[in-house]
J.: 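One structure coming up, written as structure tokens, with questions to follow.
What you are looking at is a predicted structure, and each value in this text was computed from that prediction instead of being measured. Quick note: numbers below take in every heavy atom, side chains included, and nothing from hydrogens, waters or symmetry partners. Note on naming: letters A, B, ... go to the chains in the order of the sequence lines (proteins, then strands), and numbering restarts at 1 for each one.
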Amino acid sequence: MKPRLRFAPSPTGQLHLGGARTALSNYLYAKKNGGQFLVRIEDTDLERSKKEHIDQICDSLQWLGLNWDEELVYQSKRGESYNNSLEDLLSSGKAYRCFASKEELEQIRKETGSYHYSGLWRNKSDNDINAELEKKTPFTIRLRSPNNGHTVFNDMIYGNISISNSEIDDFIIARSDGSPVYNFTNVIDDQNMNITHVVRGEDHISNTPKQILIYKAFSWEPPIFAHLPMILGEDKKRLSKRHGATGVQSYRDEGFQPESLLNYLALLGWNPGTEEEIMGLDQLVSKFDISKVQKKAAVFDQKKLNWISSQHLALQNDQDILDRIRLISTEWGIKEDNSFCLCVINIMKTRSRSLVDLIEQAGYFFNDPSSFNENDVQKTWKEDSQVILEEVIQMLGNIDDWTANELGLILKKYMENNGYGFGKVMKPVRLGLCGNLQGPSLFDIMELLGKEVVISRLNYIIKEF
RNA sequence: GGCCCGUUCGUCUAGUGGUUAGGACUCCAGGUUUUCAUCCUGGCAACAGGAGUUCGAUUCUCCUACGGGCUACCA
């Protein structure tokens with residue numbers, strides 16, 4: 001049987017890094033084994049679930065390239081199914097009604113000091129139950145869970161996990177308003193969707209035995225489980241909003257590309273067994289092995305993400321990068337020829353860590369510098385700079401073959417003839433053209449900018465100082 | 001408190017009953033570069049602690065410590 005996996009986010013916020021990693025792991029396992037990847041929206045918490053979050057999560061998943069194979073499943077539309085299942089359990093005696101109020105329970109907890117439900121209504125007579133029913137006393141539904149034995153499962157990542165059934169009380173599967181709880185809906189839906197493998201965060205390990213008990217109550221075969229270790233912030237605390245930008249959307253806004261993000265996320269807690277690190281989605285699909293995923297939580301390292309992103313950029317085709325840039329900045333370089341934009345990308349891509357970074361660094365290719373870096377001016381602008389630049393302008397005016405190569409030859413000759421060091425001449429030039437002292441080869445920049453622009457910028461800086 | 005899970009350089013990780021404990025990111029130094037970045041070379045840096053098993057444990061077992069998760073009529 002081909003595996004069927006699902007990613008089941010609850011739409012209480014945007015897709016965050018942890019969710020993206022979970023979705024990715026599900027996707028990779030499914031695709032590697034020729035199976036299906038599905039998405040189920042767990043929107044039963046009416047208070048916190050928002051339509052906009054659903055849209056945003058789906059949007060992020062699609063942007064990442066983690067496309068799902070069948071229609072979305074919404075838990076909010078599956079109430080009838082839950083009710084039927086609840087009814088089944090009630091009539092088979094695998095679950096029972098509990099008429100104890102929250103206050104009553106709280107009282108018992110205080111007295112016994114135990115967090116476990118005592119089984120107060122587990123064995124009440126039909127008479128007692130009917131009496132409460134008649135009084136319309138609100139009730140919850142609890143699973144009649146076994147008192148002895150162990151519930152065990154073999155986690156694809158953690159291996160065998162065993163928990164004594166005495167640790168599991170008759171937990172609630174439906175609230176007093178009749179709505180089913182997470183552990184219950186999860187099982188019903190996974191069964192209904194024919195899910196074969198459940199891959200989710202490590203925080204669900206403790207839920208798993210409870211869910212297995214529910215499967216057993218229905219005499220269903222539980223799926224195979226895999227629990228992914230948590231992603232931590234720098235302070236070793238679970239990654240959350242407190243750590244700043246943790247949403248997929250913000251990485252997208254910062255110009256990180258899906259391949260880079262996915263590549264990094266996959267490498268958190270996993271490696272292909274070789275020293276290869278830079279991989280696209282297809283490679284991840286073929287190499288991913290969930291059983292090799294680390295059990296230990298991993299700290300999210302922005303610096304490594306930056307590096308991976310820059311590696312992807314450096315390897316990426318120029319036109320492809322241009323297309324990606326236009327996706328986030330539709331007007332970028334639109335006034336120039338396509339070939340000009342491609343040249344800019346070509347010389348800037350190895351020095352950028354994201355699309356946004358590239359755009360920001362490439363500003364002077366499209367606009368005259370709006371200001372000159374003060375520090376660089378102080379370091380560079382000497383008394384004779386003006387004279388030198390005037391001579392340079394003169395020279396440049398006479399050049400017909402405006403290529404990086406020719407410019408290099410002529411300027412080098414000029415410096416040689418006058419006994420000028422490279423920096424003495426080129427730094428003021430760079431300052432005039434770029435506004436600061438960093439960037440790719442000046443001759444390349446000059447060629448791309450063109451004679452007119454170069455001369456006009458140099459004239460401008462002379463007037464400025 | 002109880003239960004479950006985890007612990008190799010700062011971070012992500014490889015690894016074996018006997019290794020100079022390997023790689024990557026970061027950082028530092030040098031080289032390349034007119035500059036910056038890239039790139040290349042080199043360097044710093046780790047088996048949580050204690051018992052036990054063993055000729056020998058980072059590796060196997062137990063304990064402790066530390067960290068995390070769950071313990072809800074949240075998901």
J.: Answer with base, sugar-phosphate or nothing: what part of the nucleic acid does P229(A) contact at a heavy-atom distance below 4.0 Å?
T.: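 Nothing: the residue P229(A), judged by heavy atoms under 4.0 Å, touches no strand.
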J.: Charged N to carboxylate O below 4.0 Å: is that the case for D43(A) and K51(A)?
T.: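 Not counted as a salt bridge, because no side-chain N and carboxylate O are separated by less than 4.0 Å.
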J.: Hey, is the side chain of N271(A) poking within less than 4.0 Å of OP1 or OP2 on U13(B), counting only N and O atoms?
T.: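 The answer is no; no side-chain N or O of N271(A) sits under 4.0 Å from OP1 or OP2.
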J.: In whole angstrom, what separates K303(A)'s NZ from G10(B)'s P?
T.: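 Taking NZ of K303(A) and P of G10(B), I get 15 Å after rounding.
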J.: Among the nucleotides A14(B), A75(B), G68(B), which one has an atom lying closest to any side-chain atom of E202(A)?
T.: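 Nearest to the side-chain atoms of E202(A), counting from C-beta on, is G68(B).
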J.: Please check the phosphate of A14(B) (OP1 and OP2 only) for any side-chain N or O of Q294(A) closer than 4.0 Å.
T.: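 Yes, within the criterion.
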J.: Just to confirm, is there a sub-4.0 Å distance from OP1 or OP2 of C5(B) to any side-chain nitrogen or oxygen of K296(A)?
T.: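 So the side chain of K296(A) is outside the cut-off, no N or O lying under 4.0 Å from OP1 or OP2 of C5(B).
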J.: Name the nucleic acid region contacted by H227(A), choosing base, sugar-phosphate or nothing; use a 4.0 angstrom heavy-atom cut-off, strictly under.
T.: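 No contact.
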J.: Is there a side-chain contact between R21(A) and the phosphate of C12(B), meaning an N or O under 4.0 Å from OP1 or OP2?
T.: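 Checking R21(A) against C12(B): no side-chain N or O falls below 4.0 Å of OP1 or OP2.
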J.: Considering every strand and a 4.0 Å limit on heavy-atom distances, what is the contact class for I163(A): base, sugar-phosphate, or nothing?
T.: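 Counting heavy atoms under 4.0 Å across all strands, the contact made by I163(A) is with sugar-phosphate only.
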J.: G10(B) and C27(B): how far apart are their C1' atoms, nearest whole angstrom?
T.: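 G10(B) and C27(B) have their C1' atoms separated by 9 Å.
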J.: Taking the minimum atom-to-atom distance to the side chain of Y115(A), which one of U35(B), U13(B), A72(B) wins?
T.: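 For Y115(A), the side-chain atoms sit closest to A72(B).
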J.: Considering every strand and a 4.0 Å limit on heavy-atom distances, what is the contact class for T140(A): base, sugar-phosphate, or nothing?
T.: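 It contacts base atoms.
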J.: Using the side-chain heavy atoms of E275(A), tell me which of these nucleotides is nearest: G23(B), A14(B), U38(B).
T.: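 Side chain of E275(A) sits closest to G23(B).
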J.: Verify whether one side chain among H150(A) and N165(A) offers a donor that lies under 3.5 Å from an acceptor in the other.
T.: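 No, because no side-chain N or O of H150(A) sits under 3.5 Å from a partner of the opposite role on N165(A).
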J.: Can you check the R109(A) CZ to G1(B) P distance for me, whole Å?
T.: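 The answer, rounded to whole Å, is 19 Å.
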J.: Is Y158(A) touching bases, backbone alone, or none of the nucleic acid, heavy atoms closer than 4.0 Å?
T.: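 Sugar-phosphate only.
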J.: For the pair N346(A) (side chain) and L342(A) (backbone), establish whether a donor and an acceptor sit closer than 3.5 Å, ignoring hydrogens and angles.
T.: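 Not at all, since once roles are kept as given, no pair shorter than 3.5 Å links the two residues.
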J.: For E167(A) and T185(A), find the nucleotide of RNA chain B closest to each by heavy atoms; which residue's nucleotide sits nearer the 5' end?
T.: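 Nearer the 5' end of the strand: E167(A).
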J.: For Y117(A), is the NZ or CZ atom of R142(A) found under 6.0 angstrom from the centre of its six-membered ring and inside 45 degrees of the ring axis?
T.: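 Cation-pi check for R142(A) and Y117(A): passes.
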J.: On a whole-Å scale, what distance lies between the C1' atoms belonging to G52(B) and A57(B)?
T.: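 Roughly 11 Å separates the two C1' atoms.
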J.: Let's see if you can work this out: which of C3(B), C73(B), A75(B) has an atom nearest to the side-chain heavy atoms of S176(A)?
T.: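 The answer is C73(B), which lies nearest to the side chain.
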J.: Does OP1 or OP2 of C39(B) have a side-chain N or O of Q311(A) closer than 4.0 Å?
T.: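 Q311(A) to C39(B) OP1/OP2: side-chain N or O found under 4.0 Å.
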J.: Where the side chain of E277(A) is defined as all heavy atoms beyond and including C-beta, which of U35(B), A24(B), C4(B) is the nearest nucleotide?
T.: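 Per side-chain heavy atoms of E277(A), the pick is A24(B).
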J.: If I take atom CZ in residue F171(A) and atom P in nucleotide A75(B), what distance separates them, rounded to the nearest angstrom?
T.: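 My rounded result for the distance is 13 Å.
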J.: Paired with U7(B): which nucleotide, if any, by Watson-Crick or G-U wobble criteria at under 3.5 Å for both distances?
T.: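 A65(B) is the nucleotide pairing with U7(B).
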J.: Which one, U34(B), G68(B), C12(B), comes nearest to the side chain of A298(A)?
T.: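 Minimum distance to the A298(A) side chain belongs to C12(B).
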J.: For the side chain of S206(A) and the base of C4(B), is some donor closer than 3.5 Å to an acceptor across the two?
T.: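 Check fails, no donor-acceptor contact within cut-off.
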J.: Would a distance-only check, ignoring hydrogens and angles, find a side-chain to backbone donor-acceptor pair under 3.5 Å from D155(A) to H227(A)?
T.: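 Indeed, once roles are kept as given, a pair shorter than 3.5 Å links the two residues.
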J.: G6(B) P sits how many Å from D203(A) CG, rounded?
T.: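 Computing the D203(A):CG to G6(B):P distance gives 16 Å.
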J.: Given atom CG of N436(A) and atom P of A37(B), what is their separation to the nearest angstrom?
T.: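 Checked: the CG to P distance equals 12 Å.
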J.: Between N418(A) (side chain) and Y414(A) (backbone), is there a donor-acceptor pair under 3.5 Å?
T.: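 Confirmed, N418(A) side chain pairs with Y414(A) backbone.
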J.: Heavy atoms under 4.0 Å, any strand shown: does I308(A) hit a base, just sugar-phosphate, or nothing?
T.: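 Nothing: the residue I308(A), judged by heavy atoms under 4.0 Å, touches no strand.
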J.: Examine the side chains of E42(A) and Y74(A) and answer whether a donor and an acceptor come within less than 3.5 Å of each other.
T.: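 There is no such pair between these side chains.
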J.: Classify S179(A) by what it touches in the nucleic acid, base, sugar-phosphate, or nothing, heavy-atom distance under 4.0 Å.
T.: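 Touches nothing.
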J.: Any N or O donor-acceptor pair linking the side chain of N207(A) to the base of A75(B) at under 3.5 Å?
T.: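 Counting by modelled atom types and ignoring angles, a donor-acceptor contact under 3.5 Å is found here.
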J.: Kindly say if K292(A) contacts the phosphate of U13(B), meaning a side-chain N or O under 4.0 Å from OP1 or OP2.
T.: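 No, outside the criterion.
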J.: For the side chain of K295(A), counting heavy atoms from C-beta on, which of U34(B), C4(B), G6(B) is nearest?
T.: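 Of all the options, the side chain of K295(A) is nearest to G6(B).
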J.: Send over the distance from I205(A) CD1 to G69(B) P, rounded to a whole Å.
T.: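 One finds 12 Å between P of G69(B) and CD1 of I205(A), rounded.
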J.: Considering every strand and a 4.0 Å limit on heavy-atom distances, what is the contact class for A266(A): base, sugar-phosphate, or nothing?
T.: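 Here A266(A) touches no strand at all.
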J.: Salt bridge between E276(A) and K287(A), side-chain N to carboxylate O under 4.0 Å?
T.: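 Yes, E276(A) and K287(A) are salt-bridged.
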J.: If only side-chain N and O atoms of K102(A) are considered, is one of them under 4.0 Å from the OP1 or OP2 phosphate oxygen of A72(B)?
T.: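 The answer is no; no side-chain N or O of K102(A) sits under 4.0 Å from OP1 or OP2.
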J.: Could you check how far CH2 of W307(A) sits from C1' of C12(B), rounded to whole Å?
T.: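 The distance from CH2 of W307(A) to C1' of C12(B) comes to 11 Å, rounded to the nearest Å.
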J.: Within the 4.0 Å heavy-atom criterion, would you say G269(A) contacts the bases, only the backbone, or no part of the nucleic acid?
T.: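 Touches sugar-phosphate only.
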J.: Could you please name the option among U34(B), U35(B), C5(B) that lies closest to any side-chain atom of L437(A)?
T.: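 My answer, after comparing the listed nucleotides, is U35(B).
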